[in-house]
Amino acid sequence: MTNTTFFIETYGCQMNKSRSEHIAQVMIQNGYQLIEDKKRADILLFNTCAVREHASEKAISNIQKTIKDLNKTSRYPIIVIFGCLSQFLKNRLVQRVPGAQIVIGTSNIDHIPQFIEEHTRKKKKILDFNLPSSSQVFDESGYLRNSSHISAYLPITYGCDNFCSYCVVPYTTGPQRSKPLRTILTDIEKIIQDGYKEIILLGQNVNSYGLDLDLKNGFEVLLQAIEQNFHNSSFWIRFLTSHPKDMRPSIVDIVKNSSIMAHYFHLPIQSGSDRILSAMNRGYTRDHYLKLAKYIRQNLPDSGIGTDMIVGFPGETERDFLDTLNIVQEVHFDQAYTYIYSSRSGTAAYQLPDHLPLAEKKKRLQFLNQTLSDIHQIKLSNWVGKKTKILIDQIEGMNSSGRTTDNQRIYLPNTNFILGQVISVVVIKTLKGKLYGELVLS
Ligand code: SAM
Ligand code: SF4
């Protein structure tokens, strides 16, 4: 056993966060001790993200500042940078953070303890930017525990084969590799034993789960196996992200007939314009998306649809943007993450002329967010008077709150509940963009 301590800082998506959990376990198994105070740690691990330039630059300056501040107090921890940004920038990142001793991409993260040992022995920088290959099995044990210990994020695939023209992920994470079905079922068993009440299956495109394992309609096979094995357990299963090109009505049908699957679909549309969708290489049309949304709304009227959208993609005209606003009005999204297009070198869209001024992109983003927010207000008022079930996952100050199966948060003005409890409530009012409810006995 060693007394060497480590700290992990994570940037980016839930997938990154769950990978950090995995690395923490690997480090602990190798005798290192996880601590929460980065100023005292002997080893600092930074798990990075490359999706948007602004966030990537911010991460680099945070890392630079951390090293500088520590060195000022005569502390010289071993600095390890790994993940998508290292994979994306490779030696350019090494040059920009000269204080880092180990810089590796997304492939050999399980070898971090060996890299640390090698660095300590040989006193030399370790760099490794091999990209994961399709034959490299994705069988990582980690899952992400949220702070309330109610929800666990469980990756079921890693990598992406879709090559949307704006996106770095296929270049930084390699081809899609699906976790073996058996491993997923064992992971779920363990997560339930650990007391979690919600499991969120993660992948860049969960609907294509199993394609690399030669499983046809593999996601349906997986969901059915989960249903068969766990239908008597009291927890909810959620999944993200559903790619509209691979989302199938049969997946909606399985969710509909299940007692454990949450009625929520995160289905990023990105744009409402066919011209832009094609330039983005998304592989579906606006009409295809609308048909999917209609199928979901008709078959599961109480379900939520979430989305991601990008404004200011190269060549996006006023007309294209209006198409996006128009689809927002048609689908009435329940949740949306919106971004200004960020040009990333190495992607296909990087080559496209991008003449739209930033001020216009910001204006479009603001307009889109306002439209989404107006619709959200209407949707919230429609909740008033409805009875529903919520999973209590936050108790703070004088309030408790929980989420419905369609991912809507409802607040309760008292704390007589237990985290993880599922209760019936009636929504009594909406105030400042929030829903408030009361317990009903039934
Ligand atoms: N795999 C998911 C999908 O296909 O929708 C999304 C994963 S991506 C890491 C999360 C979101 O980031 C995307 O849905 C997209 O809206 C946004 N995104 C990705 N690349 C971007 C870029 N270059 N500029 C702006 N937003 C981007
Ligand atoms: Fe990026 Fe497209 Fe893959 Fe999502 S599906 S990770 S947006 S390339």
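When reading the values below, keep in mind they use all heavy atoms of this one structure, side chains included, and skip hydrogens, waters and symmetry mates. Every number for a ligand or one of its atoms is a count from 1 in the order of the listing. Since we're looking at a predicted model, the values are computed, not measured.
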Ionic contact status for Glu118 with Lys125, cut-off 4.0 Å:
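No, no charged N to carboxylate O under 4.0 Å.
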Between the side chains of Asp302 and Lys389, is the shortest nitrogen-to-carboxylate-oxygen separation below 4.0 Å, so that they form an ion pair?
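Here Lys389 does not pair with Asp302 in a salt bridge, since their nearest N and O are not under 4.0 Å apart.
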Using the rule salt bridge (charged side-chain N to carboxylate O under 4.0 Å, His left out), only one of Arg364, Lys361, Arg275 pairs with Glu316; which is it?
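Among Arg364, Lys361, Arg275, the one that satisfies the salt bridge (charged side-chain N to carboxylate O under 4.0 Å, His left out) with Glu316 is Arg364.
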Do Thr371 and Asp374 get their side chains close enough for a donor-acceptor pair, meaning under 3.5 Å?
no
Geometric class of the [Y]/[X] ring pair [parallel <30°, tilted 30-60°, perpendicular >60°]:
X	Y	answer
Tyr411	Tyr436	tilted
His111	Phe115	perpendicular
Tyr289	Tyr284	tilted

Protein N/O/S atoms under 2.8 Å of atom 1 (Fe) of ligand 2?
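Cys167 SG, with waters left out.
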Within ligand 2, which atoms have a heavy atom of His243 less than 4.0 Å away?
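Answer for ligand 2: 5 (S).
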Taking 4.0 angstrom as the limit and counting only heavy atoms of Arg282, give me the atoms of ligand 2 inside it, by number and element.
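So the answer, numbered in order with elements, is 2 (Fe), 7 (S).
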N/O to N/O under 3.5 Å, ligand 1 against protein:
| unit_1 | atom_1 | unit_2 | atom_2 | d |
| --- | --- | --- | --- | --- |
| ligand 1 | 1 (N) | Gln204 | O | 2.8 |
| ligand 1 | 1 (N) | Gln204 | OE1 | 2.9 |
| ligand 1 | 4 (O) | Arg282 | NH1 | 3.1 |
| ligand 1 | 5 (O) | Gln270 | NE2 | 3.4 |
| ligand 1 | 12 (O) | Arg52 | NH1 | 3.1 |
| ligand 1 | 14 (O) | Gln270 | NE2 | 2.7 |
| ligand 1 | 14 (O) | Asp308 | OD2 | 2.6 |
| ligand 1 | 16 (O) | Gln270 | OE1 | 2.8 |
| ligand 1 | 18 (N) | Arg52 | NH1 | 3.4 |
| ligand 1 | 23 (N) | Tyr166 | O | 3.0 |
| ligand 1 | 23 (N) | Ser342 | O | 2.8 |
| ligand 1 | 24 (N) | Ser342 | N | 2.9 |
| ligand 1 | 26 (N) | Arg52 | NH1 | 3.4 |

If you take the centroid of each ring, where Trp contributes its six-membered ring, are Phe239 and Phe219 closer together than 6.0 Å?
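They qualify: ring centres under 6.0 Å apart.
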Ring centers of Phe163, Tyr171 separated by less than 6.0 Å
yes
Taking Arg248 for its side chain and Asn217 for its backbone only, find out whether a donor-acceptor pair lies under 3.5 Å.
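A pair under 3.5 Å: no.
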Quick check on Gln270 - does any of its heavy atoms sit under 4.0 Å from an atom of ligand 2?
no
Does Arg52 make a cation-pi contact with Tyr339 (under 6.0 Å, within 45 degrees of the axis)?
yes
